[in-house]
Amino acid sequence: MSGATGLVVSGLTIGINGERLLDGVDVAVAEGQRVGLVGGSGSGKSLTLRAVLGLLPSHAALGGSIRWDGVELLGAPERVLARVRGGEIGIVLQDPATALDPLRRVGAQITEGARRHHRVGRAGARALAVRLAEEVGLPSPADAVDRYPHELSGGQRQRVQIAAALSAEPRLLLADEPTTALDTVVQSQVLELLARLGRTRGLSTLFVTHDLAVLRRAADSASVLDAGRVVEHGPVERLLTSPVSATARALRDAARLTSWDGGRP
Ligand SMILES: Nc1ncnc2c1ncn2[C@@H]1O[C@H](COP(=O)(O)OP(=O)(O)OP(=O)(O)O)[C@@H](O)[C@H]1O
């Protein structure tokens, strides 16, 4: 066990059905850091996140190393993964509609992590749900926790998912395209929320996206993935202003076409 805190992924390889899908990926997220993984569709971003959580199909062949606070997670026993997954490491996915259970009230879903990882009782859970609903900016938090997901807007549902990820008090948040399904105004609000939570909770983040303009608000440094390999790494600002690899240049050009204003104040 090494003394390194945070997440250190090194030389990660993933093969499924004889096809090498990830080929030696290195990513590290130290305490309090905001790191991005950016790349086009199919480049291996989600596979990397799923590998960290031990959520790959059982026939996937994994190599390399994924250490959390110095503890190797690759091949770790289920009880270790269960503690880390949704506990010390929280996750927020792209689509709150599929991440949330349509048949359970919002409050119960927000506090599931706290009940599983910290044995919070029923009464404590309700107070915690309201507090977290307030922290993530849900309107009328005491009412919101009694609603069902379909009674909330898409942006509010994404706030619920973030509150649920926070309830077990994680130190690292894995975010997989958490704003892609939202319109640009709501996207901006959710990015603002994640940035604030990072500051107030000292939460580190590993943020996956195909959009460098989004990443500019969500991470300070990033690795650029192409076909399962890291082709470039550096500050997000530098990836936008002077990308070196063809992949980063293409992502910069795409960001210019959409929302990035070229860095003008
Ligand atoms: N369970 C699986 N079985 C076989 N191939 C898979 C599996 N999961 C992912 N892949 C393949 O691995 C590659 C990387 O997938 P991944 O989901 O990591 O891409 P991504 O970068 O997240 O892309 P997107 O932005 O489109 O989600 C793709 O070619 C995908 O088809």
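Atoms within each ligand, like the ligands themselves, are counted from 1 in listed order.
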How about Ser167 and Glu112: does a side-chain donor come under 3.5 Å of a side-chain acceptor?
no
of all protein heavy atoms, closest to atom 5 (N) of ligand 1 is Leu21 CD1, 3.7 Å
Qualifying residue for side chain to side chain contact (heavy atoms under 4.5 Å, CB included) with Leu215, from Leu251, Leu240, Val35, Val236
Val236
Close N or O approach (Asn17, ligand 1; < 3.5 Å)
no
Say whether Ala60 and ligand 1 are in contact under the criterion: heavy-atom distance to a ligand atom below 4.0 Å.
no
Less than 4.0 Å from atom 19 (O) of ligand 1, is there any heavy atom belonging to the protein?
yes
pair Lys45-Asp176: side-chain heavy atoms closer than 4.5 Å
no
When you compare the side chain of Glu232 with that of Arg238, does any pair of heavy atoms fall below 4.5 Å?
yes
Below 3.5 Å, N or O to N or O, backbone or side chain included: is there any such pair between Leu47 and ligand 1?
yes
Is Leu197 reachable from Val130 through a run of hydrophobic residues whose side-chain heavy atoms are each under 4.5 Å from the next?
no
Looking only at N/O atoms, are Ile16 and ligand 1 under 3.5 Å apart anywhere?
no
For atom 1 (N) of ligand 1, what's the nearest protein heavy atom and its distance?
Pro57 CG, 3.7 Å
Between Arg126 (side chain only) and Ala142 (backbone N and O only), is there a donor and an acceptor less than 3.5 Å apart?
yes
For atom 14 (C) of ligand 1, is there a protein heavy atom at a distance under 4.0 Å?
yes
Charged N to carboxylate O under 4.0 angstrom, Glu78 versus Arg85?
yes
Tell me whether Leu166 is reachable from Ile110 by hopping between hydrophobic residues (I, L, V, M, F, W, Y) whose side-chain heavy atoms are closer than 4.5 Å.
yes
Taking a cutoff of less than 4.0 Å between a non-hydrogen atom of the residue and any ligand atom, is Ser43 in contact with ligand 1?
yes
Heavy atom of the protein closest to atom 26 (O) of ligand 1 (residue, atom name, distance)
Ser41 OG, 2.7 Å
Any nitrogen or oxygen of Gly42 lying under 3.5 Å from a nitrogen or oxygen in ligand 1? Just yes or no.
yes
Closest approach of any protein heavy atom to atom 27 (O) of ligand 1, naming residue and atom:
Ser46 OG, 3.9 Å
Glu177 side-chain N/O to Phe207 backbone N/O, donor-acceptor pair under 3.5 Å
no
Identity of the nearest option to atom 25 (O) of ligand 1, non-hydrogen atoms only, from Arg20, His210, Lys45, Arg50
Lys45
Taking only non-hydrogen atoms of Gly40 and a 4.0 Å limit, the atoms of ligand 1 in range are 21 (O)
